[in-house]
2 protein chains.
Amino acid sequence: MTVDHLGSAPDFGLGWLDASGPHSDIVLSTRVRLARNLHGYPYVARARDEDREAILGAISRAAETGEMPSGTVVMPVAEMDERTRRILLERRLISSDLAGRADSGPGKGAAVVAAPGEPVSIMVNEEDHLRLQSLVSGLRVMEAWNLADQIDDALGNGLHLAYHHDFGYLTSCPTNTGTGLRASALVHLPGLVLTKEIEKVLKGIGQVGLTVRGLYGEGSDVVGNFFQISNQTTLGKSEEDLVDHLGRIVSTVIQTEIQARQVLMRDAGSVTEDKIWRAYGLLRYARLLSYKDLMQLLSGVRLGASLRLLPGLEVVTLNGIMMFSQAAHLDRAAGRELSGPERQAHRAAYVRKVLGDESRPPTSGAAG
Amino acid sequence: MTVDHLGSAPDFGLGWLDASGPHSDIVLSTRVRLARNLHGYPYVARARDEDREAILGAISRAAETGEMPSGTVVMPVAEMDERTRRILLERRLISSDLAGRADSGPGKGAAVVAAPGEPVSIMVNEEDHLRLQSLVSGLRVMEAWNLADQIDDALGNGLHLAYHHDFGYLTSCPTNTGTGLRASALVHLPGLVLTKEIEKVLKGIGQVGLTVRGLYGEGSDVVGNFFQISNQTTLGKSEEDLVDHLGRIVSTVIQTEIQARQVLMRDAGSVTEDKIWRAYGLLRYARLLSYKDLMQLLSGVRLGASLRLLPGLEVVTLNGIMMFSQAAHLDRAAGRELSGPERQAHRAAYVRKVLGDESRPPTSGAAG
């Protein structure tokens, strides 16, 4: 079973899985996204097919002449098959809006620009003409910002971007105007959930101008105790201030989570260990797994790996499971569109294979 | 951890665990019990301390002179420590009534007679002066009856039993009068429960004069899909007819259960396999297990072992877990009275040890 190739580009959007960043057991990834528009074209919502095609043309030329990462490819959404779009969605390189526009008129000019092995990518003609993003492992807001900024510069040299000297970058939605910057961190907070402190922490995050969402962004449920923390405002502060603010708040959340875990292990250590091992036992032996099921079990096991209660099990393994057991990735590995029950069986088989190969808790641990 | 000794008598009541009898994956054990009273003494409920002591004296003498199994010992309940009484209760060699009378006046004359390695035992001065029982693996009603009958003969030669030529053996409770025989089979019916046919089957059993109870007899809940099927009446039929009737009905129940399992595997095979493997995963890795938890998981795993879905896992192993992870057995293995949470941890550790040592499903099976 090979699930690590997307056509000719092996690892679009997979860099963060290596868990190489700081606190990557708690902060899965940091993402910085910049919204940009070209001067002289209507915003996407009001653009005609020709406008969007012209915009894509301009961006493609800029990408060719600018200092873009080697191997950069422009992938028109209309040319992607259904599965590729779903794969890019699961990799967080395309929005469901953009992926869904592929086959109709508004799909004209819609594209994803990415390079293998690189943490940066671009959506073209999504809500804004350009949405640049960087996606890195762990809590690395400044690095993520620098990466996005470099691509912004590399492309911007060849493009005339819509910029107002009072407002900053102009965007389709006013909430993005200014820096056009949205920075977010995907954090895993089982300790705060289990100690029931999470509501207080989320409220605190809201009070300092940040917002919290579920795993798949706006409107999605919180599954498996994974939360996305991001800035709400983009205007009136510098990019550095915005990412620095996010970084400081997420650092505080990490410390609160670590404390919650200490309290948990002190006051309910055996119950918590039991939860963790039961999650491991189910992942290791289940024959059917829904994605929600999986995420909830991964949450327990991730806590166990982070607390070093599951010897030999690494966070990088769990990141991989999280990515490659998503629906489109499983379909791709199977070489066909799976039915719902088939996919649950393939997911469980994939998880067993990974855990069987990569993690064998010693018998002494099992008999402890 | 040694959990297989009870003082000097290693295996009182453990013979059935070997799963040597027919259909022992579905029928855990068959038990035949005979109620007898001595002529010339009041029934236990109305007996004075001296009466009961005289009864025990008469029975002890009969046991010494009769053809009893070698190593037969008479164990007065009053001389047993609390844990021994609980162990005998878990082995189904003593009733909670008799065990509870140990320290008070009514405890005088109360005793258990048993021999190591033998399937027969006797309660003295429980509801009747004598309650002889045989307990064997699988569905073996005629053998169980013969074993009980042999002991009845061996003892009866030296005793004058209360017998009426119209009514048969006279007993304290009229429902036992006649043969004084109660035969029961402990059966595991997960297929009928999962296919929701169990109610119909239980109703049918009731209509042919048999009764169904939970694992621990009258008034106990059905846990883990284990049911006790026994005869209700003891009068008006021969012993052979009674045990033959039970045997035929239980045989029918076994066939119905096997058919239900076939339907289950045909119509919901992957869901059933998932249930079985999840139960196995939890047993294999849980850190805390209540006995109810354990029995429910053992039910799934027993079904899996019976269907040969869990390679290398034998029913005899599961019988052992069922016996030795009961509270008093765990306390005995620990050498002290465990607290509730401690006992859950010891139970989980014991189960992990047994499954870790005795069952290693091949990797190919796990990655299936």
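Side chains included, hydrogens not; waters and symmetry mates left out as well; all remaining heavy atoms used. Order of the sequence lines sets the chain letters (A, B, ...), proteins ahead of strands, with each chain counted from 1. Remember, it's a predicted structure, so these values are computed and weren't measured experimentally.
Using a distance-only test at 3.5 Å, with no hydrogens or angles considered, a donor-acceptor pair links the side chain of B:Asp274 to the main chain of A:Leu288.
Considering all non-hydrogen atoms of both residues, B:Trp277 and A:Tyr285 come closest at CB-O, 2.9 Å.
The structure places CG of B:Leu289 at 5.5 Å from CZ of A:Arg278, a figure rounded to the nearest 0.5 Å. To the nearest 0.5 angstrom, A:Leu282 atom CG is 14.0 Å from B:Arg284 atom CZ.
Contact of A:Val271 with chain B is made through backbone and side chain together, with heavy-atom distances under 4.5 Å. Both the backbone and the side chain of A:Ala286 have a heavy atom closer than 4.5 Å to some heavy atom of chain B.
Residue-environment remark: CZ (B:Arg308) stays at or below the threshold of 12 foreign heavy atoms within 6.0 Å.
In terms of the side chain to side chain contact (heavy atoms under 4.5 Å, CB included) criterion, residue partners of A:Gln255 (sequence neighbours excluded) are, by chain and number, A:Ile258.
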